[in-house]
Amino acid sequence: MKTFKLDNEPKMESGFKIPENYFDNFSARVMEQLSKEEPKTISLFERRKTWIYAAAAVLVLALTIPVYNNFYSHSTEIDETTLENYISYHSTVSDVDLVNLLNEKDIQKINIDLNIDDKLIENELSQDNNLEHYILN
């Protein structure tokens, strides 16, 4: 095989041709083509300012809604449990006074019909140790 010597063989030329003095003023031409305007800069605080305002608005709403509900939602009516506890523990009203204040409709609402079988009552009383107490009282 024939030895190959790089220095003796004809060199291949590339397919690209560069004009004369192309790289001498290349950087000057590129700088001329760049835009003269500087881009608008936005600081990090300016970018986050809208998010900070939005978070503050949500925080203010979250704190004011419960306060508003507490001040303006109280009704003047007393619930039944509170009234019953007051009458039971803090009042000098007797049972007779309460019965005198009731009308027929109230009494019918209170009336509870218990259909208890006699055998069931007998079984309960026979198992209870305080049967004598129930009979005497």
Side-chain angles (χ1 to χ4, degrees):
M1 183 170 208
K2 186 176 169 185
T3 60
F4 180 74
K5 293 188 180 178
L6 190 58
D7 296 332
N8 295 340
E9 296 296 322
K11 296 184 181 179
M12 296 177 73
E13 293 187 28
S14 70
F16 299 104
K17 301 267 184 202
I18 300 172
E20 291 183 23
N21 300 327
Y22 181 76
F23 290 107
D24 291 341
N25 56 5
F26 180 74
S27 62
R29 282 184 290 150
V30 169
M31 293 306 284
E32 287 176 6
Q33 291 178 356
L34 291 176
S35 65
K36 302 290 183 197
E37 297 177 15
E38 290 189 24
K40 183 179 178 184
T41 58
I42 300 173
S43 70
L44 290 177
F45 180 71
E46 287 292 327
R47 177 178 262 175
R48 293 183 183 167
K49 189 186 286 186
T50 56
W51 287 106
I52 292 171
Y53 288 152
V58 168
L59 184 66
V60 166
L61 282 175
L63 293 176
T64 57
I65 289 174
V67 171
Y68 178 79
N69 285 339
N70 285 338
F71 283 127
Y72 296 108
S73 67
H74 291 299
S75 65
T76 58
E77 295 181 14
I78 299 173
D79 60 336
E80 293 175 7
T81 309
T82 307
L83 183 62
E84 182 179 343
N85 289 336
Y86 178 76
I87 291 173
S88 297
Y89 299 115
H90 301 294
S91 178
T92 58
V93 179
S94 68
D95 294 339
V96 176
D97 294 335
L98 288 176
V99 170
N100 290 334
L101 293 174
L102 297 175
N103 59 20
E104 287 295 324
K105 289 182 182 179
D106 294 333
I107 294 172
Q108 288 175 358
K109 287 180 186 177
I110 293 173
N111 187 14
I112 299 173
D113 187 22
L114 299 175
N115 293 327
I116 301 175
D117 190 22
D118 290 338
K119 288 185 179 183
L120 181 64
I121 294 173
E122 187 177 322
N123 285 338
E124 287 295 320
L125 290 175
S126 66
Q127 292 174 0
D128 194 3
N129 295 337
N130 294 328
L131 180 59
E132 294 173 4
H133 176 71
Y134 293 134
I135 292 174
L136 296 175
N137 294 329

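Given the structure is predicted, the values throughout are model-derived calculations rather than measurements.
Between L120 and I116, the shortest heavy-atom distance links the atoms CD2-CG2, 4.0 Å. The shortest heavy-atom contact between D106 and L102 is CB-CD2, 3.8 Å.
K105 meets the salt bridge (Lys or Arg N to Asp or Glu O under 4.0 Å) test with no other residue; sequence neighbours excluded.
Atoms CD1 and NZ, on I107 and K109 in that order, are 12.0 Å from each other to the nearest 0.5 Å. N103 contributes atom CG, which lies 9.0 Å from atom CD of Q108 (distance to the nearest 0.5 angstrom). Separating the CG atom in L63 from the CG atom in L59 is a distance of 4.5 Å, to the nearest 0.5 Å.
Pairs of residues two or more places apart, or lying in two chains, that qualify as side chain to side chain donor-acceptor pair (under 3.5 Å) and include a residue from residues 49-66 are E46-K49.
V30 belongs to a hydrophobic cluster with I18, Y22, F23, F26, counting contacts under 4.5 Å between side-chain heavy atoms of Ile, Leu, Val, Met, Phe, Trp and Tyr, direct or through other members.
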